[in-house]
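Take a look at the structure set out below.
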Amino acid sequence: MTLRATTQNGSYPRPRLVRENWTSLDGDWEFAYDDTDAGLRERWFAAADESLFPLTITVPFVPESAASGIGDTGYHAVVWYRRAIIARRRPGFRVILHFGAVDHEAHVWVDGQQVVAHRGGQTAFSADITDALSDGDEHVVVVRAHDDPHDTELPRGKQDWREDPHSIWYQRSTGIWRSVWSEEVAEQHVVSFDSTFESTRATVGVQVVLAQAPSAGQRVRIRLHRDELPLGSAVFDARSARVAGSIELPALRNAQEREHFLWSPEHPTLIDVTVDVLDEDDNALDEVGSYVGLRTTEVDRGWFVLNSHPYYIRSVLQQGYWPDSHLTAPSPGAYRTEVEAIKALGFNAARIHQKVEDPRFHYWADRLGLLLWGETAGAYEYTPRAAAALMSDWSEIVQQYRGHPSIVTWVPINESWGVQDMHRSRQQREFVQAITSFTRALDPTRPVVSNDGWEHIDSDIIAIHDYTTDPEMLAANYASLDAVRTLLAGPGPANRRPTLVETRASIDDGLPLMVTEFGGISYAGEGTWGYAVVNSDHDYRRAVGGLFAALHASPVVTGFCYTQLTDTMQEANGLLRADRSPKLPVEVLRALVVGTSA
């Protein structure tokens with residue numbers, strides 16, 4: 001089994017751990033609002049009364065969206081889902097139920113028995129439902145989702161707390177918003193696969209987590225191959241449920257040949273991986289397909305460094321929002337189209353903003369070659385509960401997504417969201433320092449931006465948000481090293497301190513300087529909000545082109561992120577409209593982005 005054979009249409013919901021046989025549970029579910037929160041007390045999870053679920057919703061679209069078939073944007077803190085599935089118990093096999101993401105807290109029952117509870121609206125979770133299956137082949141799955149729209153301690157990102165969207169905030173997303181599917185697997189099977197690339201030793205470190213403690217003689221075999229070329233393999237004795245080791249790649253020992261195997265936006269080479277769980281007689285109990293992208297990232301002497309070479313970042317802010325389906329793409333194929341559109345505009349990177357994108361978007365970024373800044377939805381308030389919630393969410397995010405080679409930088413905090421008083425609150429500063437260090441502990445292979453925008457603490461990149469819309473003024477801000485020192489020493493473009501002086505976060509420490517939000521130019525009449533408004537194609541080209549040219553001219557800036565890719569509800573400052581049509585010809589926009597035309 002190869003990755004290409006099993007994910008070529010991009011529909012499999014978990015492209016880094018693929019099995020051939022799976023069942024999609026997307027589509028029509030019974031649905032109900034529970035505004036009085038009576039469902040648990042009245043045991044809706046076990047009731048057969050059809051009147052309790054009077055609506056039909058199309059999963060994975062949230063009830064606030066038109067694509068769900070409901071389109072109710074009011075306040076509803078508790079919602080319920082129910083549908084029948086076909087599954088059966090077989091000796092030696094387990095039935096696993098997977099959820100891509102449910103916002104924010106989910107409880108799941110099968111045939112009246114609770115099988116899993118999960119908190120965190122941005123990450124996947126699964127349940128072994130085998131023991132809950134009653135007699136027969138048809139069973140009932142019930143999901144309760146709780147997402148209080150007024151709870152400002154929860155990581156919410158761009159989801160508006162007001163009833164109607166305003167400024168830069170959008171409609172809320174409640175409940176199931178990514179795919180649901182099921183698999184029948186062997187009792188002993190692979191739960192997760194991770195890898196790290198050691199370029200100097202020409203090895204790949206691997207880690208496999210198994211479903212249960214192994215029995216005597218069980219082993220894990222891992223094979224790496226590019227097309228039909230075997231690159232390396234190893235068999236590891238399974239002494240515990242966590243199996244780890246290292247695989248040599250002889251083809252990469254020759255440093256002159258190594259470049260052919262490395263992953264980059266220009267050459268997004270992926271190495272296919274096959275993982276087998278073997279019994280004592282060498283029979284395969286489970287087989288999964290995965291992949292790795294061999295690349296290294298670091299910061300050095302003011303540059304972001306990819307595969308040991310300084311790399312200039314041309315990035316765009318990607319909100320991942322569609323008019324009819326909100327934070328969920330209208331189809332799996334739309335994730336590929338989005339990556340292709342970003343690359344066609346001349347960007348080599350995207351900053352996923354205030355959400356965690358679907359793994360299929362990351363797959364296409366891996367496959368087609370697009371660097372990604374991995375971010376998370378922020379909270380709006382700081383309390384110990386808010387800090388714990390974000391830390392818990394972030395831990396799952398990093399662990400679930402660190403296998404994607406496209407992710408090259410982590411961003412746990414944006415613009416001091418949830419830590420708005422950190423410049424005078426030691427408690428909040430300690431939290432930002434803690435989550436930054438925690439990120440490095442979870443994944444030491446990528447740079448971390450501690451607080452994208454301003455008030456950096458121990459950041460690996462100085463990421464500034466500068467919405468100066470006069471190209472000459474923007475150019476002056478970054479015209480020289482002295483100009484940048486003056487900017488960083490002052491109140492900053494947003495009147496927020498770019499760095500906190502008691503921390504190590506300085507361009508004089510060799511950290512790269514990037515303008516990770518700028519632009520925001522809106523057409524008059526195309527929306528209701530933008531940092532500046534223009535009235536014609538000519539003025540739009542001149543305004544946008546002038547801003548790109550200002551940063552391209554800087555001898556200090558080593559990367560940028562334009563706001564934004566698409567118009568999103570009332571925030572009409574995209575290079576593309578909400579329907580993904582370009583505001584200028586793509587070739588014109590591309591020339592502005594890459595700096596070949598002003």
Would you say the ring centers of [X] and [Y] fall short of 6.0 Å from each other?
X: His326; Y: Tyr321; value: yes
X: Tyr467; Y: Phe518; value: no
X: His552; Y: Phe560; value: yes

Out of curiosity, [X] [atom1] to [Y] [atom2], how far, rounded to the nearest 0.5 Å?
X: Thr274; Y: Phe193; atom1: OG1; atom2: CZ; result: 10.0 Å
X: Thr328; Y: Arg178; atom1: OG1; atom2: CZ; result: 8.0 Å
X: Lys355; Y: Asp103; atom1: NZ; atom2: CG; result: 11.0 Å
X: Tyr363; Y: Tyr335; atom1: OH; atom2: OH; result: 15.0 Å
X: Ile271; Y: Ser290; atom1: CD1; atom2: OG; result: 12.0 Å
X: Ser459; Y: Gln433; atom1: OG; atom2: CD; result: 10.5 Å

Do the side chain of [X] and the main chain of [Y] share a donor and acceptor less than 3.5 angstrom apart?
X: His456; Y: Ala463; result: yes
X: Lys343; Y: Gly369; result: yes
X: Asp276; Y: Glu287; result: no
X: Arg402; Y: Leu442; result: yes
X: Arg446; Y: Ile407; result: yes

Would you verify whether the NZ or CZ of Arg360 falls within 45 degrees of the ring axis of Tyr12 while also being under 6.0 Å from that six-membered ring's centre? no

Which heavy-atom pair separates [X] from [Y] by the least distance, and what is that distance?
X: Leu368; Y: Val339; answer: CD1-CG1, 3.9 Å
X: Phe304; Y: Pro512; answer: N-CG, 3.8 Å
X: Gly121; Y: Asp393; answer: N-OD2, 4.3 Å
X: Leu224; Y: Val292; answer: CD2-CG2, 4.3 Å
X: Val594; Y: Gly346; answer: CG1-O, 3.6 Å

Where do Asp458 and Thr436 land on the side-chain hydrogen bond (donor to acceptor under 3.5 Å, both in side chains) test, with the steps shown first? CA-CA 8 Å; Asp458 190 24; Thr436 301; over 6 Å; no

Close side-chain approach of Phe197 and Thr445, heavy atoms under 4.5 Å: no

Does atom [atom1] of [X] have more than 12 heavy-atom neighbours, drawn from other residues, nucleotides or ligands, at distances under 6.0 Å?
X: Glu266; atom1: CD; result: yes
X: Met391; atom1: CE; result: yes
X: Glu248; atom1: CD; result: no
X: Arg496; atom1: CZ; result: yes

Identified side chain to side chain contact (heavy atoms under 4.5 Å, CB included) partner of Leu575 from the options Leu565, Val544, Leu584: Val544

With sequence neighbours left out, what residues match Glu587 under side chain to side chain donor-acceptor pair (under 3.5 Å)? none

If you apply the rule salt bridge (charged side-chain N to carboxylate O under 4.0 Å, His left out), what do you find for Asp366 with Arg16, and how did you get there? CA-CA 10 Å; Asp366 295 340; Arg16 286 204 64 257; 5.6 Å; no

May I have the step-by-step check of side-chain hydrogen bond (donor to acceptor under 3.5 Å, both in side chains) for Asp194 and Gln207, ending in yes or no? CA-CA 5 Å; Asp194 274 311; Gln207 178 177 302; 5.1 Å; no

